[in-house]
Colleague: 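Questions regarding the structure given below will be posed in turn.
Residue numbers count from 1 along this sequence.
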Amino acid sequence: MLRRALPARPEARRILLGTLLSAIGRGLTLPFLFIYLTNVRGLTDNQAGLVIGWFGAVTLALSPLGGTLIDRFGARRVVLPCLVVEAVGTGSLALVDSLGMAFAVSTLIAVGGSALWSGQTTILASLTGDGERQRVFGLQFALLNLGIGVGGLISGAVVDIARPVTFQAIYLLDALSYLTPALILLTLPHVGHRLTQASAAGTGKSAGGYLAVLRDRPFRRLVIFGLVLTTCGYAQIEVGFAAYSVRVVEVTPRVVAWALAANTVMIVLSQLLMIRRMEGRSRTRALAAVGAVFATAWLVLGMAGLVGTGNALVAAFGVVACSAIFGFGETMLSPVMPALTNALATDELRGRYNAMSSMIFGISGIIGPVTAGPLLGAAHGRLWVAFVVGGCLAASVLALSLRRLLTPAQDGRLTPTREPEPAVT
(Lines give C-alpha, C1' and ligand atoms only; values in the text may rest on other atoms or scores of the structure.)
Protein backbone atom coordinates (compact mmCIF):
# COMPACT_ATOMS: atom_id res chain seq x y z
CA MET A 1 0.00 0.00 0.00
CA LEU A 2 2.86 2.38 0.74
CA ARG A 3 4.44 1.72 -2.64
CA ARG A 4 1.11 2.42 -4.34
CA ALA A 5 0.62 5.67 -2.39
CA LEU A 6 4.05 7.03 -3.29
CA PRO A 7 4.01 9.59 -6.11
CA ALA A 8 5.55 8.59 -9.44
CA ARG A 9 7.97 11.49 -9.61
CA PRO A 10 11.08 11.37 -7.39
CA GLU A 11 10.84 15.13 -6.81
CA ALA A 12 7.47 14.68 -5.12
CA ARG A 13 8.88 11.86 -2.97
CA ARG A 14 11.64 14.15 -1.77
CA ILE A 15 9.11 16.86 -0.92
CA LEU A 16 7.23 14.30 1.20
CA LEU A 17 10.49 13.39 2.95
CA GLY A 18 10.87 17.06 3.86
CA THR A 19 7.33 17.02 5.26
CA LEU A 20 8.17 14.07 7.52
CA LEU A 21 11.43 15.55 8.82
CA SER A 22 9.96 18.99 9.51
CA ALA A 23 6.94 17.36 11.21
CA ILE A 24 9.27 15.66 13.69
CA GLY A 25 10.57 19.10 14.64
CA ARG A 26 7.03 20.43 14.90
CA GLY A 27 6.11 17.54 17.17
CA LEU A 28 8.96 18.46 19.52
CA THR A 29 7.30 21.77 20.40
CA LEU A 30 3.60 21.46 19.49
CA PRO A 31 2.20 20.58 22.95
CA PHE A 32 4.42 22.90 24.97
CA LEU A 33 4.12 26.54 23.82
CA PHE A 34 1.57 27.56 26.45
CA ILE A 35 3.48 25.73 29.19
CA TYR A 36 6.78 27.23 28.03
CA LEU A 37 5.47 30.80 27.99
CA THR A 38 3.79 30.54 31.40
CA ASN A 39 5.75 28.08 33.53
CA VAL A 40 9.21 28.79 32.10
CA ARG A 41 9.12 32.40 30.85
CA GLY A 42 6.76 33.79 33.50
CA LEU A 43 3.92 35.11 31.35
CA THR A 44 0.43 34.98 32.81
CA ASP A 45 -2.18 32.66 31.35
CA ASN A 46 -3.99 35.61 29.75
CA GLN A 47 -0.77 36.98 28.24
CA ALA A 48 0.18 33.60 26.78
CA GLY A 49 -3.34 33.19 25.39
CA LEU A 50 -3.10 36.60 23.71
CA VAL A 51 0.26 35.72 22.16
CA ILE A 52 -1.06 32.45 20.74
CA GLY A 53 -4.26 34.14 19.55
CA TRP A 54 -2.23 36.91 17.89
CA PHE A 55 -0.25 34.30 16.00
CA GLY A 56 -3.44 32.77 14.61
CA ALA A 57 -4.88 36.17 13.64
CA VAL A 58 -1.73 37.28 11.78
CA THR A 59 -1.45 33.95 9.96
CA LEU A 60 -5.07 34.18 8.85
CA ALA A 61 -4.73 37.81 7.75
CA LEU A 62 -1.66 37.11 5.61
CA SER A 63 -2.85 33.85 4.02
CA PRO A 64 -4.69 35.53 1.10
CA LEU A 65 -1.56 37.52 0.26
CA GLY A 66 0.43 34.28 0.26
CA GLY A 67 -1.89 32.74 -2.32
CA THR A 68 -1.60 35.79 -4.57
CA LEU A 69 2.20 35.78 -4.38
CA ILE A 70 2.32 32.05 -5.17
CA ASP A 71 0.28 32.56 -8.35
CA ARG A 72 2.26 35.62 -9.37
CA PHE A 73 5.82 34.55 -8.64
CA GLY A 74 5.63 30.77 -8.18
CA ALA A 75 5.48 28.73 -4.98
CA ARG A 76 9.25 28.32 -4.85
CA ARG A 77 9.93 32.04 -4.40
CA VAL A 78 7.39 32.19 -1.59
CA VAL A 79 8.04 28.93 0.25
CA LEU A 80 11.83 29.20 0.50
CA PRO A 81 11.92 32.58 2.30
CA CYS A 82 8.94 31.56 4.43
CA LEU A 83 10.78 28.47 5.63
CA VAL A 84 13.79 30.59 6.58
CA VAL A 85 11.63 33.15 8.40
CA GLU A 86 9.79 30.33 10.19
CA ALA A 87 13.11 28.79 11.25
CA VAL A 88 14.42 32.11 12.59
CA GLY A 89 11.17 32.79 14.43
CA THR A 90 10.94 29.33 15.98
CA GLY A 91 14.58 29.45 17.08
CA SER A 92 14.00 32.88 18.60
CA LEU A 93 11.40 31.40 20.95
CA ALA A 94 14.33 29.98 22.88
CA LEU A 95 15.34 33.57 23.73
CA VAL A 96 11.94 35.00 24.69
CA ASP A 97 12.10 36.77 28.06
CA SER A 98 9.26 39.33 27.95
CA LEU A 99 5.72 39.83 26.67
CA GLY A 100 6.88 42.26 23.98
CA MET A 101 9.46 39.83 22.65
CA ALA A 102 6.90 37.02 22.72
CA PHE A 103 4.58 39.09 20.51
CA ALA A 104 7.44 40.00 18.15
CA VAL A 105 8.55 36.39 17.77
CA SER A 106 4.96 35.21 17.37
CA THR A 107 4.51 37.74 14.56
CA LEU A 108 7.67 36.54 12.84
CA ILE A 109 6.55 32.90 13.00
CA ALA A 110 3.11 33.86 11.67
CA VAL A 111 4.65 35.69 8.71
CA GLY A 112 6.72 32.63 7.88
CA GLY A 113 3.87 30.18 8.29
CA SER A 114 1.18 32.16 6.49
CA ALA A 115 1.96 30.75 3.03
CA LEU A 116 3.73 27.50 3.86
CA TRP A 117 0.81 25.09 3.68
CA SER A 118 -0.71 26.57 0.53
CA GLY A 119 2.72 26.85 -1.10
CA GLN A 120 3.78 23.29 -0.31
CA THR A 121 0.37 21.95 -1.40
CA THR A 122 0.69 23.85 -4.68
CA ILE A 123 4.15 22.40 -5.28
CA LEU A 124 2.96 18.87 -4.54
CA ALA A 125 -0.08 19.34 -6.81
CA SER A 126 2.20 20.51 -9.64
CA LEU A 127 4.28 17.34 -9.32
CA THR A 128 1.35 14.91 -9.37
CA GLY A 129 -1.41 14.08 -11.82
CA ASP A 130 -5.14 13.97 -11.07
CA GLY A 131 -5.04 10.19 -10.75
CA GLU A 132 -2.55 10.15 -7.87
CA ARG A 133 -3.16 13.39 -5.98
CA GLN A 134 -5.69 11.92 -3.58
CA ARG A 135 -3.29 9.13 -2.62
CA VAL A 136 -0.36 11.51 -2.26
CA PHE A 137 -2.23 14.02 -0.11
CA GLY A 138 -3.36 11.18 2.14
CA LEU A 139 0.21 9.95 2.46
CA GLN A 140 1.35 13.50 3.24
CA PHE A 141 -1.15 13.67 6.12
CA ALA A 142 -0.02 10.29 7.48
CA LEU A 143 3.64 11.36 7.37
CA LEU A 144 2.76 14.65 9.05
CA ASN A 145 1.07 12.84 11.94
CA LEU A 146 3.81 10.23 12.17
CA GLY A 147 6.44 12.96 12.42
CA ILE A 148 4.48 14.92 15.03
CA GLY A 149 3.97 11.74 17.04
CA VAL A 150 7.66 10.84 16.97
CA GLY A 151 8.64 14.39 17.90
CA GLY A 152 6.15 14.43 20.76
CA LEU A 153 7.54 11.20 22.19
CA ILE A 154 11.08 12.58 22.05
CA SER A 155 10.24 15.92 23.66
CA GLY A 156 8.06 14.27 26.29
CA ALA A 157 11.10 12.35 27.47
CA VAL A 158 13.39 15.39 27.40
CA VAL A 159 11.63 18.56 28.54
CA ASP A 160 11.67 19.56 32.18
CA ILE A 161 10.05 22.74 33.53
CA ALA A 162 12.80 22.97 36.13
CA ARG A 163 15.41 23.10 33.34
CA PRO A 164 14.58 25.86 30.81
CA VAL A 165 17.49 24.77 28.66
CA THR A 166 15.53 21.66 27.67
CA PHE A 167 12.81 23.86 26.15
CA GLN A 168 15.41 26.04 24.44
CA ALA A 169 16.94 22.93 22.91
CA ILE A 170 13.69 21.65 21.38
CA TYR A 171 12.89 25.08 19.90
CA LEU A 172 16.32 25.24 18.30
CA LEU A 173 15.88 21.71 16.92
CA ASP A 174 12.45 22.69 15.60
CA ALA A 175 14.05 25.67 13.85
CA LEU A 176 16.61 23.40 12.19
CA SER A 177 13.82 21.08 11.05
CA TYR A 178 12.27 23.91 8.98
CA LEU A 179 15.51 24.23 7.06
CA THR A 180 15.28 20.59 5.93
CA PRO A 181 12.47 21.09 3.36
CA ALA A 182 14.20 24.31 2.29
CA LEU A 183 17.42 22.42 1.54
CA ILE A 184 15.46 19.73 -0.33
CA LEU A 185 13.71 22.37 -2.43
CA LEU A 186 17.07 24.00 -3.21
CA THR A 187 18.26 20.68 -4.65
CA LEU A 188 15.26 20.73 -7.02
CA PRO A 189 15.95 23.88 -9.08
CA HIS A 190 13.18 23.21 -11.62
CA VAL A 191 10.43 22.66 -9.05
CA GLY A 192 7.96 25.25 -7.79
CA HIS A 193 8.07 27.89 -10.50
CA ARG A 194 5.01 29.64 -11.94
CA LEU A 195 2.52 27.15 -13.27
CA THR A 196 1.07 29.33 -16.02
CA GLN A 197 3.14 30.48 -18.90
CA ALA A 198 0.13 30.64 -21.18
CA SER A 199 -2.40 32.60 -19.16
CA ALA A 200 -3.10 34.71 -22.20
CA ALA A 201 -4.67 31.66 -23.75
CA GLY A 202 -6.52 31.41 -20.44
CA THR A 203 -9.70 29.94 -19.28
CA GLY A 204 -12.62 31.77 -17.84
CA LYS A 205 -11.04 31.54 -14.39
CA SER A 206 -7.65 32.92 -15.31
CA ALA A 207 -8.41 36.51 -14.24
CA GLY A 208 -10.05 38.20 -11.31
CA GLY A 209 -8.00 36.84 -8.41
CA TYR A 210 -10.01 35.83 -5.36
CA LEU A 211 -13.23 37.11 -6.94
CA ALA A 212 -12.83 34.45 -9.61
CA VAL A 213 -12.23 31.83 -6.93
CA LEU A 214 -15.35 32.89 -5.03
CA ARG A 215 -17.42 32.83 -8.22
CA ASP A 216 -16.61 29.12 -8.57
CA ARG A 217 -19.88 27.71 -7.22
CA PRO A 218 -18.65 24.17 -6.45
CA PHE A 219 -15.60 25.50 -4.62
CA ARG A 220 -17.76 28.00 -2.73
CA ARG A 221 -19.95 25.12 -1.56
CA LEU A 222 -16.82 23.17 -0.59
CA VAL A 223 -15.58 26.12 1.49
CA ILE A 224 -18.92 26.39 3.32
CA PHE A 225 -18.80 22.64 4.00
CA GLY A 226 -15.25 22.98 5.31
CA LEU A 227 -16.12 25.87 7.62
CA VAL A 228 -19.07 24.03 9.16
CA LEU A 229 -17.15 20.76 9.52
CA THR A 230 -13.97 22.24 10.99
CA THR A 231 -15.86 24.60 13.32
CA CYS A 232 -17.71 21.61 14.78
CA GLY A 233 -14.74 19.24 14.37
CA TYR A 234 -11.09 20.24 14.39
CA ALA A 235 -11.64 23.59 16.10
CA GLN A 236 -13.24 21.84 19.09
CA ILE A 237 -10.30 19.55 19.86
CA GLU A 238 -8.10 21.97 21.81
CA VAL A 239 -10.89 23.66 23.80
CA GLY A 240 -14.19 21.77 23.62
CA PHE A 241 -12.86 18.22 23.69
CA ALA A 242 -10.27 18.83 26.40
CA ALA A 243 -12.59 20.93 28.60
CA TYR A 244 -15.56 18.54 28.29
CA SER A 245 -13.33 15.55 29.05
CA VAL A 246 -11.84 17.09 32.18
CA ARG A 247 -14.81 19.03 33.54
CA VAL A 248 -17.81 16.91 32.55
CA VAL A 249 -16.42 13.39 32.07
CA GLU A 250 -13.99 14.15 34.92
CA VAL A 251 -11.00 12.28 33.56
CA THR A 252 -7.46 13.37 34.30
CA PRO A 253 -5.34 15.35 31.82
CA ARG A 254 -3.27 12.19 31.39
CA VAL A 255 -6.30 10.44 29.86
CA VAL A 256 -6.67 13.37 27.45
CA ALA A 257 -3.02 12.88 26.46
CA TRP A 258 -3.68 9.17 25.87
CA ALA A 259 -6.68 10.10 23.74
CA LEU A 260 -4.60 12.40 21.54
CA ALA A 261 -2.01 9.64 21.20
CA ALA A 262 -4.77 7.23 20.14
CA ASN A 263 -5.80 9.76 17.48
CA THR A 264 -2.30 9.80 16.02
CA VAL A 265 -1.97 6.02 16.11
CA MET A 266 -5.32 5.60 14.33
CA ILE A 267 -4.26 8.00 11.57
CA VAL A 268 -0.85 6.41 11.02
CA LEU A 269 -2.21 2.84 11.00
CA SER A 270 -5.32 3.36 8.87
CA GLN A 271 -4.44 6.15 6.43
CA LEU A 272 -2.90 3.95 3.73
CA LEU A 273 -5.81 1.52 3.96
CA MET A 274 -8.32 4.35 3.56
CA ILE A 275 -6.44 5.75 0.56
CA ARG A 276 -6.83 2.42 -1.17
CA ARG A 277 -10.48 1.98 -0.17
CA MET A 278 -11.51 5.42 -1.45
CA GLU A 279 -9.87 5.15 -4.85
CA GLY A 280 -12.46 5.53 -7.61
CA ARG A 281 -15.24 6.36 -5.12
CA SER A 282 -17.28 9.54 -4.81
CA ARG A 283 -15.39 12.28 -2.98
CA THR A 284 -18.56 14.04 -1.89
CA ARG A 285 -19.88 10.85 -0.30
CA ALA A 286 -16.55 10.45 1.47
CA LEU A 287 -16.86 14.00 2.83
CA ALA A 288 -20.40 13.25 3.96
CA ALA A 289 -19.09 10.15 5.72
CA VAL A 290 -16.50 12.30 7.51
CA GLY A 291 -19.28 14.43 8.99
CA ALA A 292 -21.08 11.30 10.16
CA VAL A 293 -17.91 9.85 11.71
CA PHE A 294 -17.10 13.11 13.51
CA ALA A 295 -20.69 13.23 14.82
CA THR A 296 -20.32 9.64 16.08
CA ALA A 297 -17.11 10.58 17.88
CA TRP A 298 -18.83 13.45 19.70
CA LEU A 299 -21.79 11.21 20.60
CA VAL A 300 -19.38 8.72 22.19
CA LEU A 301 -17.85 11.57 24.20
CA GLY A 302 -21.34 12.72 25.21
CA MET A 303 -22.18 9.23 26.46
CA ALA A 304 -18.92 9.20 28.43
CA GLY A 305 -20.14 12.40 30.07
CA LEU A 306 -23.35 10.62 31.13
CA VAL A 307 -21.27 7.84 32.70
CA GLY A 308 -18.88 10.28 34.40
CA THR A 309 -17.43 9.22 37.72
CA GLY A 310 -20.00 6.42 38.01
CA ASN A 311 -17.53 4.23 36.13
CA ALA A 312 -14.19 5.93 35.70
CA LEU A 313 -12.77 3.21 33.44
CA VAL A 314 -15.71 3.33 31.01
CA ALA A 315 -15.60 7.13 31.01
CA ALA A 316 -11.89 7.13 30.21
CA PHE A 317 -12.43 4.58 27.45
CA GLY A 318 -15.12 6.84 25.97
CA VAL A 319 -12.74 9.79 25.84
CA VAL A 320 -10.01 7.74 24.17
CA ALA A 321 -12.51 6.12 21.78
CA CYS A 322 -13.86 9.54 20.76
CA SER A 323 -10.39 10.71 19.76
CA ALA A 324 -9.63 7.48 17.88
CA ILE A 325 -12.93 7.59 15.96
CA PHE A 326 -12.26 11.23 15.13
CA GLY A 327 -8.85 10.21 13.75
CA PHE A 328 -10.53 7.64 11.51
CA GLY A 329 -12.65 10.43 10.04
CA GLU A 330 -9.51 12.49 9.46
CA THR A 331 -8.07 9.71 7.30
CA MET A 332 -10.98 10.21 4.89
CA LEU A 333 -10.89 14.01 4.96
CA SER A 334 -7.16 14.51 4.52
CA PRO A 335 -6.78 13.01 1.02
CA VAL A 336 -10.14 14.18 -0.35
CA MET A 337 -10.26 17.86 0.63
CA PRO A 338 -6.98 18.96 -1.03
CA ALA A 339 -7.53 16.62 -3.99
CA LEU A 340 -10.97 18.12 -4.67
CA THR A 341 -9.64 21.65 -4.17
CA ASN A 342 -6.94 21.08 -6.78
CA ALA A 343 -9.37 19.31 -9.12
CA LEU A 344 -11.45 22.50 -9.15
CA ALA A 345 -8.47 24.87 -9.37
CA THR A 346 -6.82 26.17 -12.51
CA ASP A 347 -3.06 26.57 -12.74
CA GLU A 348 -3.51 30.36 -12.92
CA LEU A 349 -5.26 30.44 -9.53
CA ARG A 350 -4.00 27.28 -7.86
CA GLY A 351 -2.15 29.19 -5.16
CA ARG A 352 -5.26 31.18 -4.27
CA TYR A 353 -7.45 28.06 -4.20
CA ASN A 354 -5.04 26.34 -1.80
CA ALA A 355 -4.65 29.48 0.31
CA MET A 356 -8.41 29.82 0.65
CA SER A 357 -8.71 26.15 1.56
CA SER A 358 -6.09 26.58 4.30
CA MET A 359 -7.92 29.67 5.60
CA ILE A 360 -10.87 27.44 6.49
CA PHE A 361 -8.91 26.06 9.43
CA GLY A 362 -7.82 29.55 10.54
CA ILE A 363 -11.34 30.96 10.52
CA SER A 364 -12.87 27.95 12.27
CA GLY A 365 -9.99 28.06 14.77
CA ILE A 366 -11.31 31.44 15.88
CA ILE A 367 -15.03 30.59 15.79
CA GLY A 368 -14.72 27.18 17.46
CA PRO A 369 -13.11 28.18 20.78
CA VAL A 370 -15.35 31.25 21.07
CA THR A 371 -18.50 29.14 20.75
CA ALA A 372 -17.22 26.27 22.88
CA GLY A 373 -16.85 28.23 26.12
CA PRO A 374 -20.48 29.40 26.56
CA LEU A 375 -21.91 26.12 25.28
CA LEU A 376 -19.83 24.03 27.68
CA GLY A 377 -21.13 26.12 30.57
CA ALA A 378 -24.77 25.42 29.70
CA ALA A 379 -26.76 22.30 30.59
CA HIS A 380 -23.71 20.47 31.93
CA GLY A 381 -22.10 20.46 28.47
CA ARG A 382 -25.06 18.81 26.74
CA LEU A 383 -25.71 21.91 24.64
CA TRP A 384 -22.13 21.77 23.36
CA VAL A 385 -22.52 18.09 22.41
CA ALA A 386 -25.76 18.86 20.57
CA PHE A 387 -24.09 21.75 18.72
CA VAL A 388 -21.06 19.80 17.49
CA VAL A 389 -23.06 16.69 16.56
CA GLY A 390 -25.66 18.75 14.70
CA GLY A 391 -22.98 20.79 12.96
CA CYS A 392 -21.13 17.72 11.72
CA LEU A 393 -24.34 16.21 10.36
CA ALA A 394 -25.20 19.52 8.66
CA ALA A 395 -21.77 19.37 7.01
CA SER A 396 -22.66 15.91 5.68
CA VAL A 397 -25.77 17.33 4.04
CA LEU A 398 -23.69 20.13 2.47
CA ALA A 399 -21.24 17.56 1.11
CA LEU A 400 -24.02 15.56 -0.54
CA SER A 401 -25.44 18.73 -2.10
CA LEU A 402 -22.04 19.36 -3.69
CA ARG A 403 -22.17 16.13 -5.72
CA ARG A 404 -24.53 17.51 -8.40
CA LEU A 405 -22.21 20.48 -8.99
CA LEU A 406 -19.23 18.30 -9.90
CA THR A 407 -18.28 16.29 -12.93
CA PRO A 408 -17.71 12.56 -12.33
CA ALA A 409 -13.95 13.12 -12.70
CA GLN A 410 -13.92 15.96 -10.15
CA ASP A 411 -15.97 13.83 -7.77
CA GLY A 412 -13.48 10.99 -8.15
CA ARG A 413 -16.06 8.58 -9.54
CA LEU A 414 -13.90 8.00 -12.60
CA THR A 415 -10.54 6.42 -11.91
CA PRO A 416 -8.22 8.33 -14.23
CA THR A 417 -5.81 6.35 -16.30
CA ARG A 418 -2.20 6.87 -15.44
CA GLU A 419 -1.22 10.15 -17.02
CA PRO A 420 2.11 11.13 -18.44
CA GLU A 421 4.18 12.95 -15.87
CA PRO A 422 3.39 16.68 -15.90
CA ALA A 423 6.14 18.86 -17.28
CA VAL A 424 8.25 20.69 -14.73
CA THR A 425 8.07 24.44 -15.26
Side-chain angles (χ1 to χ4, degrees), residues 1-20 23 120-121 123-150 222 225-226 229 233-234 262-297 321 323-344 357 395-396 399-400 402-403 406-422:
M1 286 188 291
L2 176 60
R3 188 182 301 112
R4 182 174 178 78
L6 285 171
R9 297 185 60 164
E11 298 97 323
R13 297 184 184 190
R14 289 163 71 178
I15 294 294
L16 288 175
L17 175 62
T19 297
L20 173 62
Q120 291 173 327
T121 302
I123 290 175
L124 204 54
S126 72
L127 294 171
T128 52
D130 289 338
E132 61 177 349
R133 278 182 189 150
Q134 186 164 295
R135 297 194 302 269
V136 172
F137 284 130
L139 178 60
Q140 180 191 36
F141 185 70
L143 292 175
L144 181 67
N145 279 272
L146 176 61
I148 289 175
V150 171
L222 181 65
F225 157 82
L229 183 74
Y234 280 102
N263 176 272
T264 300
V265 171
M266 172 63 78
I267 291 170
V268 172
L269 293 182
S270 63
Q271 182 68 84
L272 292 178
L273 177 62
M274 286 308 302
I275 292 171
R276 185 172 182 178
R277 294 282 296 176
M278 290 191 300
E279 195 165 339
R281 299 176 185 269
S282 169
R283 288 168 176 164
T284 50
R285 287 184 177 176
L287 294 177
V290 173
V293 171
F294 282 5
T296 301
S323 187
I325 294 169
F326 194 92
F328 182 73
E330 290 180 83
T331 64
M332 290 187 282
L333 181 66
S334 60
V336 171
M337 193 76 175
L340 184 50
T341 296
N342 282 278
L344 294 170
S357 184
S396 294
L400 292 175
L402 176 61
R403 179 183 171 96
L406 303 175
T407 66
Q410 289 171 336
D411 194 33
R413 284 171 273 153
L414 296 180
T415 305
T417 56
R418 189 172 183 85
E419 305 172 1
E421 294 182 359

Colleague: Between Gly291 and Leu229, what is the shortest heavy-atom contact and its length?
Modeller: CA-CD1, 3.8 Å
Colleague: So which atom in Ala399 and which in Ala288 form the shortest heavy-atom distance, rounded to 0.1 Å?
Modeller: CB-N, 3.6 Å
Colleague: For residues 136-144, tabulate all N or O donor-acceptor pairs below 3.5 Å that involve a side-chain atom, not counting sequence neighbours.
Modeller:
none

Colleague: Could you tell me the separation between the OG1 atom of Thr121 and the CZ atom of Arg133, rounded to the nearest 0.5 Å?
Modeller: 11.5 Å
Colleague: Check whether any side-chain heavy atom of Arg135 sits under 4.5 Å from a side-chain heavy atom of Pro335, and report yes or no.
Modeller: no
Colleague: Would you say Leu400 and Thr284 make side-chain contact, with heavy atoms under 4.5 Å?
Modeller: no
Colleague: Of the non-hydrogen atoms in Ala343 and Gln410, which two are nearest, and what is the gap between them?
Modeller: O-NE2, 4.1 Å
Colleague: Please round to the nearest 0.5 Å and tell me the distance separating atom OG1 of Thr407 and atom CG of Leu344.
Modeller: 8.5 Å
Colleague: Can a donor-acceptor pair be found, under 3.5 Å and without considering hydrogens, that links the side chain of Glu132 to the backbone of Ala5?
Modeller: no
Colleague: Whether the side chain of Thr331 engages the backbone of Gln271 through a donor-acceptor N/O pair (distance < 3.5 Å, no angle test) should be reported.
Modeller: no
Colleague: Do Gln120 and Ile15 come within less than 4.5 Å of each other through their side chains, counting heavy atoms only?
Modeller: no
Colleague: Assess the residue pair Glu330 and Asn263 against the criterion (side-chain hydrogen bond (donor to acceptor under 3.5 Å, both in side chains)); give the C-alpha distance rounded to whole Å, side-chain angles, the decisive distance to 0.1 Å, and a yes or no.
Modeller: CA-CA 9 Å; Glu330 290 180 83; Asn263 176 272; 2.8 Å; yes
Colleague: Which atoms form the tightest heavy-atom contact between Ser126 and Ile123, and what is the distance?
Modeller: OG-O, 2.6 Å
Colleague: Which atom pair, heavy atoms only, marks the closest approach of Val336 to Ala286?
Modeller: CG2-CB, 4.1 Å
Colleague: Quick one: does Leu16's side chain get under 4.5 Å of Pro7's, heavy atoms only?
Modeller: yes
Colleague: Report yes if some heavy atom in the side chain of Leu124 is under 4.5 Å from a heavy atom in the side chain of Asn342; otherwise report no.
Modeller: no
Colleague: Rounded to the nearest 0.5 Å, what separates atom CZ in Phe328 from atom CD1 in Ile267?
Modeller: 11.5 Å
Colleague: Measuring from Leu287:CG to Leu402:CG, what's the distance to the nearest 0.5 Å?
Modeller: 7.5 Å
Colleague: Without swapping roles, check the side chain of Glu279 against the backbone of Arg276 for a donor-acceptor pair under 3.5 Å.
Modeller: no
Colleague: After noting the C-alpha distance and the side-chain angles of Thr264 and Ile148, does the key distance pass the side-chain contact (heavy atoms from CB on, under 4.5 Å) rule?
Modeller: CA-CA 9 Å; Thr264 300; Ile148 289 175; 5.8 Å; no
Colleague: Give the ring-plane orientation class for Phe326 versus Phe294, where under 30° counts as parallel, over 60° as perpendicular and anything between as tilted.
Modeller: parallel
Colleague: Please name all residues satisfying salt bridge (Lys or Arg N to Asp or Glu O under 4.0 Å) with Arg403, sequence neighbours left out, ordered by chain then number.
Modeller: Asp411
Colleague: Are more than 12 heavy atoms from other residues, nucleotides or ligands located less than 6.0 Å from atom CZ of Arg13?
Modeller: yes
Colleague: Hey, mind stepping through Leu222 and Met337 against side-chain contact (heavy atoms from CB on, under 4.5 Å) and telling me if it holds?
Modeller: CA-CA 9 Å; Leu222 181 65; Met337 193 76 175; 3.8 Å; yes
Colleague: Quick one: pull up CD in Gln134 and CG in Leu340 and give me the separation to the nearest 0.5 Å.
Modeller: 9.0 Å
Colleague: Using the test salt bridge (Lys or Arg N to Asp or Glu O under 4.0 Å), find all partners of Arg283 that sit at least two apart in sequence or belong to another chain.
Modeller: none
Colleague: From Leu273 CG over to Met278 CE, what is the distance, rounded to the nearest 0.5 angstrom?
Modeller: 10.0 Å
Colleague: Any donor-acceptor pair under 3.5 Å linking the side chain of Arg281 with the backbone of Arg277?
Modeller: yes
